[in-house]
Structure formats: C-alpha cells, structure tokens
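Notes follow once the structure below has been shown.
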Number of protein chains: 2
Amino acid sequence: MNGTVTLSGQEVDILLTIYDISKMAGVSIATVSRVLNESANVRPDTRRKVLEVMEQSGYTPNAFARGLGLNSMQTIGILCTDSSDLYLAKAVYYIEQDLRAGGYHSILCCTGYRLENKKSSLELLLRQKVDSVILVGSNFIEAEDADNQYIRDAAEQVPIMLLNAYFDHPNVFCSLCDDLGATQQAALSLIDSGIPDILYLYNSRSYSARKKLAGFQSACQLRGLPNADALQQFYSGSSADVEGICRFISSLHDGGLSFRAVIASDDVLATAAVKYARLRGQRIPSELSVIGYNNSILALCCEPELTSVDNRLEEISRQLVKTLIGTLNGIPMPAKTVFPGRLVQRGTTALPSPA
Amino acid sequence: MNGTVTLSGQEVDILLTIYDISKMAGVSIATVSRVLNESANVRPDTRRKVLEVMEQSGYTPNAFARGLGLNSMQTIGILCTDSSDLYLAKAVYYIEQDLRAGGYHSILCCTGYRLENKKSSLELLLRQKVDSVILVGSNFIEAEDADNQYIRDAAEQVPIMLLNAYFDHPNVFCSLCDDLGATQQAALSLIDSGIPDILYLYNSRSYSARKKLAGFQSACQLRGLPNADALQQFYSGSSADVEGICRFISSLHDGGLSFRAVIASDDVLATAAVKYARLRGQRIPSELSVIGYNNSILALCCEPELTSVDNRLEEISRQLVKTLIGTLNGIPMPAKTVFPGRLVQRGTTALPSPA
DNA sequence: ATTCAGGATGTAAGGGCTTTCATGGGGATG
DNA sequence: CATCCCCATGAAAGCCCTTACATCCTGAAT
C-alpha cells in the first residue's frame, strides 16, 4: 500500500509492491509472485492480466526482498587481480557480457596481487551471497600456497570458476588455454627453422606462466638442446615499464648472453624486445626473431607487427560462463575445458619455410 | 535458530542469524543490530561482548535482509560502454579500487554503444537498488539525444556520476579533463614550432571527442589558420584495426591532402600514423610529427615513443569517487571538477625550441 | 531522600518477497 | 449423477534485518 497510481494517466511509480499489483489485478500476492518467477500453474489469462498491470503501473520488484526470499540475487562475483591489465580487462568484458545475456548480474572486485587481499575479497563476495565466483586470470592459483585453501573453502559454498588456471577440486571448474603446448609449439617453430638460441622472457609466476615456461623447456628437451637456465630470464620490474624491460634485455646481452630469438610471456615484453633490437641495430626477423603472447592490440601496434600466441581468450571466457550457467541450472558440466593455443605469424618471425 | 554452534571448538557456521548471536551474547537482537551498524548508544563492554561472539561464531550478516532493512546495499553501479577498452578499463580499475576502500561494492555493467542498451542497463542497475551509478566515459552524453532524458530520469533516484563528460543537471556530478584546452595546447605547440598543416584524426563523437575537436579548431582560429574541414578527418572503422587506420591515412594523402603533423584523439590512431610514416619512408618527427591522446602504454610501446596528451585519468577517476562518497554522506560537493590536461613530449615531436 | 534526564537496552512492527499448505472448482471417469 | 484428481488460487508463515517506541536504570540535581 504505497503510492497512489492511476493505471491510465501515467502517475508516479513510487514504491509499488506486490500487494499493490495483486490488488489492482484482483488476485493474491502469491499469484503475482508466481508470475514474477515464471512458475508454472498460472492460467494464461491470469498471467496476462497481472503482466499487464505490472507493465502499466511500472512496477519493479524489490531486489532485496527477492534476494531474501530466494536467497540468491542472480549475481556472480568477478574477482580480478587488476582489471586495468589489457588481458584481464578483455576477459572481464567477455564474461560480463555473457553473464548478463544469461540473466545474471556481475559484481566486480579487483584484488591486487597480495594473497591476503585475494582472500578477503573472496570472503567479501561470498558474504554478498553471490551465486558463484569467477577468478579471472591464473594469478589466483598460488605456487607457494600450494593447497589453495581459500579456494577450497569458497568451493564449499558456491561453484568456483577459474579462468586460465587449473585446480583439481570438487565444485571448481576451469576453462583454459593449453599454454604449455602453445609455448612449446612457438619454441619448436623457431628451433626447427634453425634458431636454437632462444631467450625466454617472463614476468610472472602465475599458473599459466609456469605452464608457458614448462612448454619452453619441453621444446628444448624435445630437440635435445641444453636446458640453459641463463636463457630463461625472469623480469621483475614493472610490467608496463617498456624502457626498463629494454634495459633488462640489454644487460643480458652485455652480460655475454647470446640469443637470436626472444619468446616472451606477453606482448609488452615482446614489444620491448623489438625495441631493444632497433636500438642495437639488429634487423627483425633476420637477426632477431620475436614471439609475443596474448595476441593483443600491442601486437598490431608494434613495428613490425608481432608474431604472437593467440591464447583464445574469448573462447575460454565464454566457455567458462557457459559452464557456470549450466552448473547453476543443475546440469552436469565438465570440470575442465582446454583450448589449444594458436601461433599467429606476423612480421617478427620469418615465415616458416614451406614444408 | 539455526545451526548448532559451539563457541570453543570450531563448528559449522551454518546460517547463523542475529537471533543466534543475541542469544549467545545474552542481549537483544536490537543491540546486536546496533553493534552491526556501529550506531552509538551501546555500552563499550556490551559491544565488545557482542563483537566477540560474532567473531568466534563466524557470524556474517545476511546482505539481503540488511538491504531490505536499510534499503541500500552499499553498492554502486558502474556503467561502461566497453570495459575491454584500454582507457575505460583503467578508469574502472581506479574507481573500483577507491569505492571498495570506501566500503562500497561495485556492480559492473557493460552496455556497448547503442543508446537503447545504455538505457536499459541503467534501469537495470536502478532496479538493483544501487546507491549511485557511475557512467564511465563520455559516450553516455549523446549528441543526438541532446536532452539525455535517461540520465535526467536516473538522477531523480540516485546521484549520477559522469566520468570525463559534463551534463548540467541537479544530482549529476562530473569529473573531467579539460580536453578542449589540452588539444588546443597540443595543436598550438605544433603550430608555433612552425607546422601549420596538421591533420586532426578522430574516431568518436562522444562528449570528450567533441571537446577535443573544438580544441583543435580553436587553436587554428587563434593562429588565424584557415579552418580546413579536410584537415579534420573522422575515421569510422574499427578502432582496433591498426592496418585499416593506416590505409585510411594513406588514402587521405593520396587524395591530395598534405600535412606535416597528425594529432590523434587516441594513442591507437597515433600509433597507426607513426606506422603510416614508416611505410611512406617519412622520418619522425622531422618530416611528420605525431601527437596521441591518453598517454597509455601504447605510447611507450611505439617506436619512437609517442608524444601524447595525459588526460589525468587517475586523478579524475579518484576525484569522482571522492565526490560520490561525499555526496552519499550528505556533504555538499561541487557538481563539476575539471583537471587540466598535460602534453607529454616524447620522440614523435621535436622538442620545443627553448624559449 | 526524591525527582528527573538521558543513556542503554528490549519489544515488536514492519520491509517486500517466496513458498508451503489448504481450498475450491472443473473435467474426467464410472 | 456421484466421485476423484488435479490444477489454479489464496492465506499465512517465514526469510533476517532495521528501527520507532517503550522501558529500565543510573547518576545528577534538588
């Protein structure tokens, strides 16, 4: 019993409740609720009448009360270490889009990289009664905290979705790119075209970063190359400091390291490698080949354009949401979906000789 | 009256309610609620006791019931045309961070660029009973729909916050960069260094895009240059298609347009201009100067590094949240805050001759 | 000692919805 | 025509909090 509302002339829609609607439609609140929830067992003409009243009066159900009753607000939590990261932002975008198309809301939470904050953010989301939490990016599977207890705990309450990371646990679902295979393929393509001295450059120790590194190592092993630690270099500075990365590569070279190709764990690192080559006067790709990762817009902005691994971000993101929605609807879903990566050849590598 | 919980041994925390806590602490639910809401008038030791029980039992208040009672869930809606856009993603990041620091949750909604979707997304958020909506990016202030009715409507319900756009209306608050002034300054710096034939390249008709264009035009006027429409070119293709932009610039040149500098409305366009110059064999900056906008990581990845306008994204984002939180707390806040832009000189422009 | 003000606490009435259970009305069946 | 069932509907009891109002108690003022 709230705002007075005239059906014909458009009056204010102040705080209409299910009671008002039931009165106007001449039915009980239970029936209105049934219409609202699209539950069966409402006669078509009754339904129509109720819908009509709701429409004309501009009624809009109170989300809190709804949540209270249903104990769910059709909301998914999205946890992301850093949504300003080009790669993660894109993932968040795809995910949010598909969630919304599926009738869910998304509440975003950027945690930063400290484990402590990840934990507390996750708890915060669960407190908000989200129906699931999506962990965007492989930074949530810690190497150090091997048991990932905070994820186990969360999985007790709601399904936990992992983008581009894998963790074998009940109620945890994963959608990821085969980063190991993709990096291996990238390395093999260089080795087999006659470039065995490859510098592998990375700047993260996340799950997928570890896989990429393993892929590089396995390629070396496959071809019987010495597993030279010196050729696997971790860059610990800011990942946006192109200058700094450039200097880092220079220092490696000046330290006596010799390499004729660079495989980088992301496109920024690769771009910096290209820049390094230009500064040193090395020609690309004849004197230095470069392969990036993520196939982002940076690959296109680079000069020459960057050969880069496409890690199927869109596919794995959309698949993850598909899996989630299925799970929430009680449909059994695979706990793990893997997409192969794809090496996109561009100007920083010589085209592979036709077989 | 729910899950049995032993205070000492750690039992399950299934569905504890305020009643359980009140019983355990030997107080009434009202008192527990007061502690929860940090309202005054609770004796310190009572408060301590309640907090202790809550702590030990792992109680966590039900967000829905809370929302129902308070008619607010401390949640802010973030509306964004495209969170995968480098620029917007960064803004979302800063905003989310500060909101969370201020005790608010953020629910994200990507609308795409169609007005219809923007409207419906905004309504959706209001239905969710958010305490305010932040419109990220100047794409929400339409040129065509000059009255911006959907924003007016929303402002009736909650404060509406505009990032990098301005709309003069009660309960609408704006934080923006002086894009007009910044672009004017960029253009003047080129003109005054002896380059009057500047191509202005843009790819959006958003509020800020219009301001930038106006800035360019006013610079031309100030220096008495003919306002050649041909030198203001709108690129309508995909904003990520670097190749396409390159071709577009080439076609302008081939069409007989002559220019010795390019000012672009974002860094992707500018990067493409640099690429164009390289393809044509033009030296940068001696034969072609280029100025980008946003001062993003693209500016650093470019070779040579891009001179670009820093539009103070972090500052305007944080200011917006500050204004919002003040407003929500009943503190009078300025409806409009403007930050000046800043031209960051790098390799694509000749250093200004020392005055 | 008596009164009073005011702070600390408790009681109970919502807040708007969902859902169980009971009821009534038809159609199908015998 | 009587019986049975099932479907559509309604009444009412939650869901878990907040908060206005009532109550009690304390120390200060007289």
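Note on naming: letters A, B, ... go to the chains in the order of the sequence lines (proteins, then strands), and numbering restarts at 1 for each one.
The CD-C1' distance, from A:Gln74 to C:dT18, rounds to 14 Å in whole Å. The separation between B:Met73 atom CE and D:dT18 atom C1' is 16 Å, rounded to whole Å. The nearest whole Å value for the distance from the CG atom in B:Leu68 to the C1' atom in C:dC17 is 8 Å. Look at CZ on B:Phe64: it is 25 Å from P on C:dG14, rounded to the nearest Å. Residue A:Leu16 contributes atom CG, which lies 14 Å from atom P of C:dG15 at whole-angstrom precision. Between B:Glu38 atom CD and D:dT19 atom C1' there is a gap of 17 Å when expressed in whole angstrom units. Look at CD1 on B:Ile21: it is 13 Å from P on D:dT18, rounded to the nearest Å. Taking atom CG of B:Asp20 as the reference point, atom P of D:dC15 lies 11 Å away to the nearest angstrom.
When the side-chain nitrogen and oxygen atoms of A:Arg66 are compared with OP1 and OP2 of C:dG16, none of them lie within a distance under 4.0 Å.
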### Query
What do the steps show when you test B:Leu122 against B:Lys119 for side-chain contact (heavy atoms from CB on, under 4.5 Å), and what is the final call?
CA-CA 5 Å; B:Leu122 184 50; B:Lys119 282 183 186 171; 5.8 Å; no
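Residue pairs meeting the salt bridge (charged side-chain N to carboxylate O under 4.0 Å, His left out) criterion with at least one member in residues 317-333 of chain B, sequence neighbours excluded, are B:Asp98-B:Arg318, B:Glu314-B:Arg318.
B:Asp82 and B:Ser84 share a donor-acceptor pair across their side chains, judged by distance under 3.5 Å alone. Counted by atom type alone, B:Ser121 and B:Thr111 present zero donor-acceptor pairs between their side chains at under 3.5 Å.
Closest heavy-atom contact between A:Ile29 and A:Ile18: O-CD1, 3.7 Å. Annotation for B:Tyr59 and B:Leu16: closest pair CE1-O, 3.6 Å, computed over non-hydrogen atoms.
A donor-acceptor pair is defined here as one N or O able to donate and one able to accept, closer than 3.5 Å; such a pair exists between the side chain of B:Asn329 and the backbone of B:Ile325. When atom types are taken as modelled, the side chain of B:Arg152 and the backbone of B:Asp147 share a donor-acceptor pair closer than 3.5 angstrom.
Residue A:Leu70 is classed as a sugar-phosphate contact, given heavy-atom separations below 4.0 Å to backbone atoms only. Within 4.0 Å of B:Asn37, counting heavy atoms only, lie sugar-phosphate atoms of the nucleic acid but no base atom.
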### Summary
Scoring nucleotides 4-13 of chain C by protein non-hydrogen atoms under 4.0 Å (B base, S sugar-phosphate only, - none) yields ----SBBBB-
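An angle of 40°, rounded to 10°, separates the two end axes of the helix from C:dA1-D:dT30 to C:dG30-D:dC1, each defined over five pairs.
The only option from B:Lys90, B:Glu96, B:Gln97 that meets the side-chain hydrogen bond (donor to acceptor under 3.5 Å, both in side chains) definition with B:Tyr93 turns out to be B:Gln97.
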